Amino acid sequence: MHSKDMPEEMEEPMEDVSNEDESSESMDESTEGENVNESHEEIKSNVYLPGQALQEGEELIVDKSAYRLLHHAQSGAPCLSFDVIPDDLGNSRESYPLSMYIVAGTQAAKTHVNNLLVMKMSNLHSNKQHSEDSESESSDSEDEDEEHEPMMSVASIKHQGCINRVRCTKLGGIILAASWSELGRVNIWNLQEQLNAVESSSLLAAYRNKCDKVSASIKPLYTFKGHLSEGFGLDWSCTESGTLASGDCKGNIHIWRLDNSGASWHVDQRSYNSHAPHSVEDLQWSPNEKNVLASCSVDKSIKIWDTRVSPQNACMLTASGTHTSDINVISWNPKESQFMVSGGDDGLLCIWDLRQFGSNSTSPVATFKQHTAPVTTVEWHPTEATVFASGGADDQIAQWDLSVEADNTEELQDSVLAKLPPQLLFIHQGQSDIKELHWHPQCPGTMISTAHSGFNVFRTISV
């Protein structure tokens, strides 16, 4: 899971990084393969489905007409978890070029060289704009290319241990991030200084000079060392500011709440441990009930907790028996809160109706087996109740719409697409070992994903 070395903070045009020992950030327009292949001997494109064997002379190329936006970025050591930072640039923004902010955590080979990265991606032009400009004849074509060059600014915080998961929240106008360290600690960080630094090259240089001084190392606001092992489960409540849940690989879940002063956190030393001794893989607070929490585990179950009740009696509902191996990830539908989606090592995606939890025959309302390897990430669309996305170790990101019904036309029945579930809208490829994806809540249809091979920022024509 680990790669070597870390980038320094800098601001520059985004280029591919081929040497991980170089300290630089990169981002460019991706030209890696997605859903179309092309033979060199014939000027002909065919639909490619994951798992198909390529014939001699065939290669995968991206069909840029299937994307409204497509960019690729690298950050040195891989970042296997990240979160979108809420910003003040406006909601529902679809005017290009776009800017966005994320916080990511590295997984470097050496414990002491890991960093929490605050990243600003800017000048993200749409494919349509770029293609129109590149086709126009102009003596200033090189200058125009530079104007369309996507940019990335990065301010880092030294972090002890690889970062298993990172999640951010906005509290009193300040952006905070929680990070799960492989050393068994959960840290909370104030990201305001780093967000200020990525706004200009001069501020970034001053920040870098400050961080070069050993005495100026940035410390977390709070650190909890009460977990019995490292973990992955981590989620901020969206209904109760400053409330956090963290779960570890021994099956223990701890609830954090701001103390009366509003300056620190009280962590309940009593753990919610019905999953024990199996690892808690993911946590999700209810989108509309502040005392309700969901968890999934290596024990192949999903549990719903009432955090007002003592831990030994807090597990209200349990669903199990469908996934045949570890449940890695869950996502709670933010618009229709009775629904949840889960993804597991078995490659299954399961859609659950929480109103059926706890019955003797709890089963998902739908299952999909598109992924051919463990599902590592899943998330509902922030505003479209029937749309979600999933990604996995099979190097696929799939976009789904549960409202789509089967098209039984004869033409479709005879095509290769007939093998796919009708709810599958789009398959995005080109990344290696996908770990996490998020919809950008303020940029409709725009997704960000991270993998061992770097970041993708894209919007398809399907969503």
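What you see is a predicted model, and the numbers here were worked out from it, not measured in a lab.
- Ring centers of Phe82 and His438: under 6.0 Å apart, within the cut-off.
- Within the structure, every pair that satisfies the salt bridge (Lys or Arg N to Asp or Glu O under 4.0 Å) test and touches residues 439-463, not counting sequence neighbours, is listed here: Glu94-Arg459.
- Here the two rings, on Trp380 and Phe339, have centers that are 6.0 Å apart or farther.
- Here the shortest heavy-atom pairing between Ser181 and Glu230 reads O-CB, 3.9 Å.
- Note: Phe224 and Trp256 meet the aromatic proximity criterion, with ring centroids under 6.0 Å apart.
- The pair Arg165-Asp282 meets the salt-bridge criterion, since a charged nitrogen lies less than 4.0 angstrom from a carboxylate oxygen.
- Two rings, from Phe455 and His72, have their centers 6.0 Å or more apart.
- The closest side-chain donor-acceptor pair between Asp395 and Ser432, if any, does not fall under 3.5 angstrom.
- Aromatic ring orientation, Phe388 versus Trp400: parallel (interplanar angle below 30°, classes split at 30° and 60°).
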Checklist entry - side chain to side chain contact (heavy atoms under 4.5 Å, CB included) between Leu191 and Ile157: does it pass, once the steps are laid out? => result CA-CA 9 Å; Leu191 303 184; Ile157 302 171; 4.0 Å; yes

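- Aromatic rings from Phe426 and Phe458 are positioned such that their centres are separated by 6.0 Å or more.
- In plain terms, the two heavy atoms of Leu354 and Leu317 that are nearest each other are O-CD1, 4.2 Å.
- Checked against side-chain contact (heavy atoms from CB on, under 4.5 Å), Ser65 has the following partners two or more places apart in sequence or in another chain: Asp63.
- How far CG of Asn328 is from CG of Asp326: 6.0 Å, rounded to the nearest 0.5 Å.
- Side-chain atoms of Gln107 and Asn114 include no donor-acceptor pair closer than 3.5 Å.
- The only member of Ile448, Val84, Val463 that meets side-chain contact (heavy atoms from CB on, under 4.5 Å) when paired with Trp439 is Val463.
- Residues Ser241 and Leu171 share a closest heavy-atom pair of CB-CD1, 3.6 Å.
- In this structure, His148 and His125 have tilted ring planes: the angle between them lies in the 30° to 60° band.
- For Leu349 against Gly343, the heavy-atom pair with the smallest separation is CD2-CA, 4.2 Å.
- The aromatic rings of His159 and Trp189 are tilted relative to each other, their planes meeting at an angle between 30° and 60°.
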